[in-house]
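Every chain is numbered from 1, with letters handed out A, B, ... down the list of sequences.
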Number of protein chains: 2
Amino acid sequence: MTIDRPGPQGMNDTSASGENLLFLTDEQLRKGIEAMFFAYRGFTADPDRILSELAYGRAHHRALHFINRSPGLTVNTLLTVLGVTKQSLNRVLRTLIEDGLVESRVGRKDRRERQLYLTAKGGELERQLSEAQRARMRAAYRMAGPQAVAGFRQVLEAMMDEQIRAQYLSLKEVRI
Amino acid sequence: MTIDRPGPQGMNDTSASGENLLFLTDEQLRKGIEAMFFAYRGFTADPDRILSELAYGRAHHRALHFINRSPGLTVNTLLTVLGVTKQSLNRVLRTLIEDGLVESRVGRKDRRERQLYLTAKGGELERQLSEAQRARMRAAYRMAGPQAVAGFRQVLEAMMDEQIRAQYLSLKEVRI
DNA sequence: TTGGAAAGTCAACAAGACTGACATAAAATG
DNA sequence: CATTTTATGTCAGTCTTGTTGACTTTCCAA
């Protein structure tokens, strides 16, 4: 027997305050869960294709992304942002350094630290990867419109872990 | 320099067609990309904790989820939905069947097929996992409000691969 | 100066993805 | 009826990426 779902159009309610709680049915939530799952697949698909040709993986992409965004960050900072162990990150970093995509300089103030920078070659790959990902994001944003994008960001932020959200929000102010 | 985000309420524009293209700067897109990354971590965090205590992984959760949603689906359908190879899926299914969480019955019409069902025990774990995930989704939805949720879903759908989106949209109509 | 803490590296292992080859049973087709 | 195709399962091997444990180097404070 078919269910009678509330329907996505039943949302043009008068109050955006959350009065109408019909959209919080388990069925609606399940759809949101599946949308996240499928969308994340699309989100990573384009960079993954590029990476697989270079014998790199998603972890390499993530490292390149955050080193590009915050040049000079330390290994410790990076592994905190990525949420992985230092050993796991280290393997990825080692190949990136060996291949001349990332440069690791001894920290200025604290010589135990290593500060990470992209080389020209590393910057080039990062640009290629992120441009592929941005292209999809851009298309999705265009398709959905500015209002939807604002909602998209709101929900994503609310879905993050507390500490991560604080981290993410503080990163918002960071310049390129 | 800090960005001025459009803001969820300042969006009462005349056209939802995407006239205002300011939100498509690379900086805005990069934030969307990072929001996806961090949010997905939160999205999977709660089930992951439960699973790790049972020596299961995310792959087991995904299988349980889709078997629960479409009882009797075939192995082939499931691996198409999950986007993995049969060898990969088989390893996961085997343990779930051995542990008495999933039942595999010979297909009715086509006896080559195996139809998958959750056992009572499997249903219980699925409920525990999905309830943890729904709780976070519910909280995020409440925090963001119905209008944001609609936008969230719109952008996610636009981000999926073509074929996946078609699949996802068709699944919307499916009954439990 | 010495001992602990912090940052990073090396080694070994596990989960879960992949490919390729092969087996079996059932359905479909000529 | 014989052959081919389809659906599934299995074995073996590889790769990425996560883990823990043990170690070195460096800093800092008692």
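Less than 4.0 Å separates DNA chain D from at least one heavy atom of each of the following residues of residues 82-98 of chain B: K86(B), Q87(B), N90(B), R94(B).
Listed pair R114(A) / dG8(C) fails the phosphate criterion, with no side-chain N or O lying under 4.0 Å from OP1 or OP2. Look at H60(A) and you'll find a side-chain N or O under 4.0 angstrom from OP1 or OP2 of dT17(D).
Comparing T77(B) and K109(A) against DNA chain D, the residue whose closest nucleotide sits nearer the 5' end is T77(B). Comparing R62(A) and D110(A) by the nucleotide of DNA chain D whose heavy atom lies nearest to each, the residue mapping closer to the 5' end is R62(A).
Side-chain atoms of R112(B) come within donor-acceptor range of the base of dT6(D), with a qualifying N/O pair under 3.5 Å.
Looking at heavy-atom distances under 4.0 Å, H61(A) makes no contact with the nucleic acid at all.
The aromatic rings of Y40(A) and F43(A) lie tilted to each other, with the angle between the two planes from 30° to 60°.
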Would you please test Y56(B) and L64(B) for side chain to side chain contact (heavy atoms under 4.5 Å, CB included) and show each step?
CA-CA 11 Å; Y56(B) 290 137; L64(B) 291 175; over 6 Å; no
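Counting non-hydrogen atoms of other residues, nucleotides and ligands closer than 6.0 Å to CD of Q163(B) gives a total of 12 or fewer.
Under the 3.5 Å distance criterion, with hydrogens and angles disregarded, no donor-acceptor pair is assigned to the side chains of T85(B) and S88(B).
D110(B) pairs with exactly one of R108(B), R112(B), R114(B) by the salt bridge (charged side-chain N to carboxylate O under 4.0 Å, His left out) rule, that one being R112(B).
Taking CG of L93(A) as the reference point, atom CG of L78(A) lies at 6.0 Å (rounded to 0.5 Å).
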